[in-house]
Amino acid sequence: MIEPPTLDMTTAGTNPAGTDPAEDAAARARRSRLRRVVTTALAGLVVVGGTVGGVGYTFATVAGADRSAPTVLRHEPSEAEKEARAADPAPDVSFGRSDSPLTERLLPAPDRLGPDLPGFDSNDVELGAEEARKEGVFGLVSTPVGVRGMSKAILTELGLQGAALRTYESYSGMVAEFRLNRFGDAEAAREYHDFLFETLEASGGLPSPAPGRAAHSSPEDVALWEHVRCVRMPGDEEIGPEVALCTVPRGELHLLVVAFGGGFGPGDVPLPDYEALGALLNEQLVHLDTEGKQA
């Protein structure tokens, strides 16, 4: 069993030789503000009737479902249908846009696109620098008013250049939002990744092996998954569904994944379909690296 990933905190709070004390102080200030943004946002995200990770999904919806009815999966395309789709030269936007350098880095939906993003009449959105910074860490609609300015300031300082947002839904009913941010350089993307993971842990997130990581153990797969960090935010009958969050740095890009639904745990608490999430995330990692080499 792969142990949950942990951060190397041995250098936390130090000023390694060669670093600028002013830059180090600025980074600590960003860390403090990001902690407040994430902690405040999560408190408003994982609640009964609240939106989770920017995707319009409520615990009440799941709690009110008729569990006596048989589970019916959506039609999964046959191999012939999949081959026809792959061979079609015309771009099929029903599985995701690929009309810009950033949107083409997001994985086309293997099953189907998910629900519309709150604040947008679309499940597939690209934002410029100003819009992306205003959108914040988890989305403008999902970010409490009191920390929206702080969230924007953090992303502005880190040089966020734009973002592509897309929701996915698996045949099992899992819903995931992928938020791909483009920063000015790899250092900024990695700083955001490290601070975000640390803050998710501090906000009650339980470090978790990346979904699907154990199924990919070749040297190539190990390298592919090396920097993926995930936490799960436990749910219950009062709080709402369990939520999985993953953060991934890829050069100047940063991917935030939020997923839920598709399964149930003790007490009928909704759980993410971790198998479906692992498969989806693995395809996205391969797609990111493949598209990056072609670019």
Is the number of heavy atoms from other residues, nucleotides or ligands within 6.0 Å of CG (Asp121) greater than 12?
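Not buried by this count: 12 neighbours or fewer within 6.0 Å.
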
What residue among Leu107, Leu280, Val228 forms side-chain contact (heavy atoms from CB on, under 4.5 Å) with Leu285?
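Between Leu285 and the candidates, side-chain contact (heavy atoms from CB on, under 4.5 Å) is satisfied uniquely by Val228.
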
What verdict does the side chain to side chain donor-acceptor pair (under 3.5 Å) test give for Asp111 and Ser170, after you've listed the backbone C-alpha separation in whole Å, the side-chain angles of each residue and the deciding distance to 0.1 Å?
CA-CA 6 Å; Asp111 296 349; Ser170 70; 4.9 Å; no

In terms of the angle between their ring planes, are Tyr192 and Phe183 parallel, tilted or perpendicular, with boundaries placed at 30° and 60°?
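Because their plane-to-plane angle lies in the 30° to 60° range, the rings of Tyr192 and Phe183 count as tilted.
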
Would you indicate whether the side-chain heavy atoms of Val257 and Val248 approach each other to under 4.5 Å?
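A side-chain contact is absent here, since even the closest heavy-atom pair is not under 4.5 Å.
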
Under a 4.5 Å cut-off applied to non-hydrogen side-chain atoms, are Arg190 and Phe195 in contact?
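Of all side-chain heavy-atom pairs linking Phe195 with Arg190, none is under 4.5 Å.
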
For Arg166, enumerate each residue passing the salt bridge (Lys or Arg N to Asp or Glu O under 4.0 Å) test, keeping only those at least two apart in sequence or located in another chain.
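Counting only residues at least two positions away or on another chain, Arg166 forms a salt bridge (Lys or Arg N to Asp or Glu O under 4.0 Å) with Asp124.
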
Taking salt bridge (Lys or Arg N to Asp or Glu O under 4.0 Å) as the cut-off, I'd like each qualifying pair that reaches into residues 134-146, sequence neighbours left out, listed once.
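Residue pairs with at least one partner in residues 134-146: Glu135-Arg179.
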
Residue pairs fulfilling salt bridge (Lys or Arg N to Asp or Glu O under 4.0 Å) with at least one residue in residues 150-163, sequence neighbours excluded
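Matches after skipping sequence neighbours: Arg30-Glu157, Arg33-Glu157, Glu130-Lys152.
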
Minimum-distance pair of heavy atoms, taken over all atoms of [X] and [Y]:
X	Y	value
Ala164	Leu102	N-CD2, 3.7 Å
Leu224	Arg250	O-NH2, 2.5 Å
Gly251	Ala189	O-CB, 3.4 Å

Take Thr247 and Leu255 through the test side-chain contact (heavy atoms from CB on, under 4.5 Å) and record every step on the way to the result.
CA-CA 6 Å; Thr247 169; Leu255 177 68; over 6 Å; no

How far does CG of Asn123 sit from OG1 of Thr167, to the nearest 0.5 angstrom?
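The CG atom of Asn123 sits 4.5 Å away from the OG1 atom of Thr167.
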
Say whether Ser122 and Asp116, considering side chains only, have a donor N or O and an acceptor N or O under 3.5 Å apart.
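Side-chain D/A pair, Ser122 to Asp116: absent.
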
Glu126 and Ser100 side chains, donor-acceptor separation under 3.5 Å
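Glu126 and Ser100 do have a side-chain donor-acceptor pair below 3.5 Å.
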
Using a strict threshold of under 4.0 Å (side-chain N to carboxylate O), is an ion pair present between Asp194 and Arg229?
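Salt bridge flag = no for Asp194 with Arg229.
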
